[in-house]
Amino acid sequence: MKTLKVIKIGGNIIDNDNALQQFLKEFATIDAPKILVHGGGKLATKLAQQMQVEVKMIDGRRVTDQVTLDIITMVYAGKINKNVVAQLQANKCNAIGFSGADGNTIVSNLRPSEPIDYGFAGDVKKVNTETLELLLNNNVTPVFCAITHDENGQLLNTNADTIASELAIGFASIYNTELYYCFEKNGVLEDVNNDDSVIENINTKSYPSLIENGIIYEGMLPKLNNCFHAINHQVQKVCIGKSQMLFHKNNKHTTIAK
């Protein structure tokens, strides 16, 4: 079985032109089938403010009304996605940009409005691998933004961490899948103020006590839930840390295990 790497990058790379250029230059050198998933960074918020559209957040998650959906579609699936694809082409990595609607690759359900109404937010229902497998077999790299669809013509704002996890799970019967979450910290930290206090290994036994002791909380919880969801569905390897973990073996990061 070949190895497939599913790599998710967040705002700390997307929002910084130099960091993005450097990452994509190194990403292009990965000599294995790979899928890149990107978040939206701060650009959608900035554009909404310029258009005098109110940005509503609940528990750190964006409330997506129709106008907001239009803005994030323009930013995520348009500007950011095509910029990433163009830069990969410049680095001799043949890539194609995707939303979940393209090739019917990722189908979601509209999230229920109870207990909190997030508007046009999607929860992933299924991943269709056929089109993507065809591309991967021909050395083409899919680049996913954080938008899916419901098969009834409705686009949905969808968590990029979840998209990455579901893609890795979707391919787990075809490849040895590895999932990497790249963000601004060296990994999951024991002390949030000390970037060197990386917890190098977290498993299903140690995870509950880390939550209980308040070491893992708030924004890290959904990310780690996606990690364990992947590990429990045949994904071979899940890692969290700075993007350097992909290219430098000695770079400290967090590995998630059963």
Side-chain angles (χ1 to χ4, degrees), residues 2-47 69-108 122 124 127-149 155-168 170-171 175 177-183 242-244 246-247:
K2 278 187 181 178
T3 296
L4 169 70
K5 295 178 189 288
V6 179
I7 298 163
K8 188 263 174 175
I9 53 172
N12 63 306
I13 295 174
I14 294 291
D15 294 329
N16 182 323
D17 288 344
N18 290 334
L20 182 60
Q21 279 181 12
Q22 183 58 37
F23 170 79
L24 293 175
K25 190 176 176 181
E26 292 189 294
F27 175 85
T29 66
I30 296 172
D31 188 21
K34 52 192 182 287
I35 296 175
L36 184 61
V37 180
H38 63 79
K42 294 172 185 166
L43 197 57
T45 300
K46 191 176 171 185
L47 183 59
L69 183 65
D70 290 345
I71 291 169
I72 66 167
T73 302
M74 286 189 282
V75 173
Y76 298 0
K79 183 171 173 56
I80 294 173
N81 192 266
K82 297 312 161 199
N83 177 46
V84 168
V85 169
Q87 288 196 50
L88 285 174
Q89 301 296 2
N91 284 292
K92 304 292 181 280
C93 173
N94 195 3
I96 294 181
F98 277 88
S99 72
D102 297 299
N104 193 32
T105 44
I106 305 175
V107 179
S108 289
V124 176
V127 171
N128 296 314
T129 58
E130 295 86 353
T131 302
L132 298 174
E133 198 181 353
L134 197 64
L135 295 173
L136 292 166
N137 287 341
N138 285 280
N139 298 316
V140 180
T141 297
V143 177
F144 273 89
C145 69
I147 291 176
T148 58
H149 78 130
L155 295 173
L156 296 167
N157 184 13
T158 307
N159 182 277
D161 285 350
T162 302
I163 286 176
S165 175
E166 294 293 350
L167 281 165
F171 278 101
Y175 291 91
T177 52
E178 298 179 356
L179 175 60
Y180 297 88
Y181 287 114
C182 304
F183 75 148
K242 287 186 177 170
S243 60
Q244 287 89 333
L246 291 161
F247 316 112

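Because only heavy atoms are used, hydrogens play no part in the values below, and waters and symmetry mates are left out as well, while side chains stay in.
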CA sep, side-chain torsions, deciding dist, call: L179, I7, side-chain contact (heavy atoms from CB on, under 4.5 Å):
CA-CA 6 Å; L179 175 60; I7 298 163; over 6 Å; no

Exam field: side chain N138 to backbone V140, donor-acceptor pair closer than 3.5 Å
no

Sequence neighbours left out, what passes salt bridge (charged side-chain N to carboxylate O under 4.0 Å, His left out) with K34? Give chain and number order.
none

Does [X] have any side-chain hydrogen bond (donor to acceptor under 3.5 Å, both in side chains) partners at least two apart in sequence or in another chain, and if so, which?
{"X": "N12", "value": "none"}
{"X": "T45", "value": "R62"}
{"X": "D161", "value": "K8, K223"}
{"X": "D70", "value": "Q66"}

Using side-chain contact (heavy atoms from CB on, under 4.5 Å) as the criterion, list what pairs up with [X], not counting sequence neighbours.
{"X": "D15", "answer": "K42"}
{"X": "N137", "answer": "E133, Y175"}
{"X": "T158", "answer": "S108, V124, T148, L156, I163"}
{"X": "D17", "answer": "none"}

Quick one, I9 with V37, criterion side-chain contact (heavy atoms from CB on, under 4.5 Å). Give me CA distance, side-chain angles, the key distance, then yes/no.
CA-CA 6 Å; I9 53 172; V37 180; over 6 Å; no

Show which side-chain atoms of residues 88-105 pair as donor or acceptor with protein atoms under 3.5 Å away, not counting sequence neighbours.
from : atom 1 : to   : atom 2 : distance (Å)
Q89  : NE2    : N94  : OD1    : 3.2
Q89  : NE2    : A95  : O      : 3.0
N91  : ND2    : Q87  : O      : 2.9
S99  : OG     : A101 : N      : 3.2
S99  : OG     : D102 : OD2    : 3.0
D102 : OD2    : S99  : N      : 2.8
N104 : OD1    : H149 : NE2    : 2.8
N104 : ND2    : E151 : OE2    : 3.4
T105 : OG1    : S99  : O      : 3.4
T105 : OG1    : G100 : O      : 3.2
T105 : OG1    : D102 : O      : 2.9

Check whether more than 12 heavy atoms from other residues, nucleotides or ligands sit under 6.0 Å from atom NZ of K2, and answer yes or no.
no

Can you tell me if D31 has over 12 outside heavy atoms packed within less than 6.0 Å of its CG?
no

Who are the ring pair (Phe, Tyr, Trp, His ring centres under 6.0 Å) partners of Y76, not counting sequence neighbours?
none

At their closest point, which heavy atom of L155 faces which heavy atom of L69, and how far apart are they?
O-CD2, 3.5 Å

Supply the atom-to-atom distance T141 OG1 to L135 CG, rounded to the nearest 0.5 angstrom.
9.5 Å

Would I13 and F183 count as a side-chain contact (heavy atoms from CB on, under 4.5 Å) if you check the C-alpha gap in whole Å, the side-chain angles of each, and the deciding distance to 0.1 Å?
CA-CA 8 Å; I13 295 174; F183 75 148; over 6 Å; no

